[in-house]
Amino acid sequence: MEVIIKPGYDQLSAAAAQQIAEVLNRKPNAVLGLATGSTPLGVYKELVRMHREESLDFSRCTTFNLDEYVGLPVTHDQSYHYFMHENFFKHVNVPEQNIHVPSGTTSNFPAFCDWYEQRIEECGGIDVQILGIGSDGHIAFNEPTSSLSSRTRLKTLAKVTIDDNARFFDKAEDVPIYAITMGVGTILEADEIILLANGKGKADAIAQAVEGPVSSMITASALQMHPYTKFYIDQDAASNLKMREYYEWIQMKKPGAPEA
Ligand code: GLP
C-alpha cells in the first residue's frame with residue numbers, strides 16, 4: 001500500500017488521473033473500475049481534459065461501476081447511472097455497449113449480481129479500480145461488518161451513509177435504503193486500486209484503513225491485503241496518520257531509489 005499525500009484536491013485528482021492514463025496508454029482495451037460520490041469528480045474532469053487536449057482514447061476500454069442505489073430509475077438525477085453519464089461518459093468515447101453500471105431496478109437481484117460478476121470475469125477482470133471512502137470506512141457500499149470476501153450483492157445502507165448522502169437529495173427520507181454493490185472480494189481482485197480522499201471528514205476513516213487492524217468494521221482496511229493499492233489523499237485527509245512523515249519520506253526518496 002502506498003500513501004501519496006498531495007497539497008490539495010486538484011493535485012491528488014491529477015496524480016490519480018495520470019495513473020489511469022498510463023494504464024490506458026499501456027493497454028488501450030483496459031477494464032476500468034469506476035466510482036461515484038463527490039471525491040472522484042476531479043479525476044473525471046482531468047480524464048475528460050486529457051481526452052480533449054491530449055487525445056486520451058477510451059474507444060477500446062470497458063468500464064464497471066462499483067454500485068447503484070436500489071429503486072432509482074436511470075433518469076433520476078441521483079442515480080449513479082445518471083451521475084456517470086453527466087460527469088464522465090457523455091464527455092469521452094467509451095462505447096455505450098462497454099459501459100456497465102449495476103441495475104438498481106432489476107426484477108431479480110441475485111441473478112443480476114451473478115451476471116455482473118460473470119461479466120467482469122469475461123472481460124478479463126478489472127485493470128484499475130477507483131475508490132472513494134465513506135466516513136465509516138466503507139468502500140463502494142460495503143458497510144461495516146461486510147464480509148471481506150463478499151461479492152456483488154444487495155446491501156442495506158448504514159444510517160451514517162444515508163445521513164452523509166442526504167445532502168444530494170431534497171430530504172433524508174428520499175435517500176434509498178438499499179444498494180447493489182460490488183463486494184470487498186470483487187474489489188480486491190482488481191490489478192491496481194486507487195483510493196481517493198480529501199477533507200478532514202475522511203481523516204479518521206483513512207487512518208483506520210491505512211494503519212488500523214484489517215477489520216470488516218472498516219472495509220477499506222481490507223486494501224492492506226492488496227498488493228498494488230495507492231491512496232491519493234490531501235493534507236486534511238492525512239491529518240490523523242501516525243506514520244505520515246514516513247509516507248512523505250518514501251515519496252521524497254522515490255526518484256533516486258534503487259531498483260527493487
Ligand atoms: C457513497 C459511495 C462510495 C463513496 C462514498 C463517499 O457511499 N457508494 O463509493 O466512496 O459515497 O462519497 P464522497 O466521495 O461524496 O464523500
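Fair warning: this is a prediction, and the values are worked out from it, not measured in the lab. In listed order, ligands and their atoms are each counted from 1.
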Checklist entry - Which residue holds the protein heavy atom closest to atom 5 (C) of ligand 1, what is that atom called, and what is the gap in Å? => result H138 NE2, 3.9 Å
Next on the checklist: Using a strict threshold of under 4.0 Å (side-chain N to carboxylate O), is an ion pair present between R153 and E117?
Outcome noted: no
Checklist entry - What do you reckon, does A35 put a non-hydrogen atom under 4.0 Å from ligand 1? => result no
Item to check | Shortest protein heavy-atom distance from atom 12 (O) of ligand 1, along with the residue and atom involved | outcome: G37 CA, 3.9 Å
Next on the checklist: Can you confirm if the aromatic rings of F83 and Y69 lie within a centre distance of less than 6.0 Å?
Outcome noted: no
Next on the checklist: Strictly below 4.0 Å, N to O, side chains only: are E192 and R26 in salt-bridge contact?
Outcome noted: yes
Checklist entry - So, are E54 and R49 salt-bridged, with charged N and O less than 4.0 Å apart? => result yes
Checklist entry - Does a side chain donor of either T62 or R119 reach within less than 3.5 Å of an acceptor in the other side chain? => result no
Item to check | Sub-4.0 Å heavy-atom approach of N165 to ligand 1 | outcome: yes
Checklist entry - What's the shortest distance from atom 6 (C) of ligand 1 to any protein heavy atom, and which residue and atom give it? => result I133 O, 3.5 Å
Checklist entry - How close does the nearest protein non-hydrogen atom get to atom 8 (N) of ligand 1, and which residue and atom is it? => result D67 OD2, 2.8 Å
Item to check | Protein residue, atom and distance nearest to atom 16 (O) of ligand 1, heavy-atom basis | outcome: K202 NZ, 2.6 Å
Item to check | Ring centroid separation F112 to W115 under 6.0 Å | outcome: yes
Checklist entry - Is the shortest N/O to N/O distance between T161 and ligand 1 below 3.5 Å? => result no
Checklist entry - In ligand 1, which numbered atoms sit nearer than 4.0 Å to a non-hydrogen atom of G132? => result 10 (O)
Checklist entry - Do you see a donor-acceptor pair shorter than 3.5 Å between the side chains of Y232 and Q19? => result yes
Checklist outcome for this item: among protein heavy atoms, the one nearest atom 14 (O) of ligand 1 is T39 OG1, 2.4 Å
Next on the checklist: Taking the basic N atoms (NZ, or NE/NH1/NH2) and the acidic carboxylate oxygens, is any pair closer than 4.0 Å for E189 and R151?
Outcome noted: yes
Next on the checklist: If you apply the rule ring pair (Phe, Tyr, Trp, His ring centres under 6.0 Å), what do you find for F141 with Y178, and how did you get there?
Outcome noted: CA-CA 9 Å; F141 269 130; Y178 305 104; over 10 Å; no
Next on the checklist: Using a 4.0 Å heavy-atom cut-off, which part of A140 comes near ligand 1: side chain, backbone, both, or neither?
Outcome noted: backbone
Item to check | Which residue and heavy atom of the protein sit nearest atom 4 (C) of ligand 1, plus the separation | outcome: T36 O, 4.2 Å
Next on the checklist: When you measure from the heavy atoms of R167 to every atom of ligand 1, does any distance fall below 4.0 Å?
Outcome noted: yes
Item to check | Nearest-neighbour protein heavy atom for atom 2 (C) of ligand 1, which is reported as residue plus atom name and distance | outcome: Y80 OH, 3.7 Å
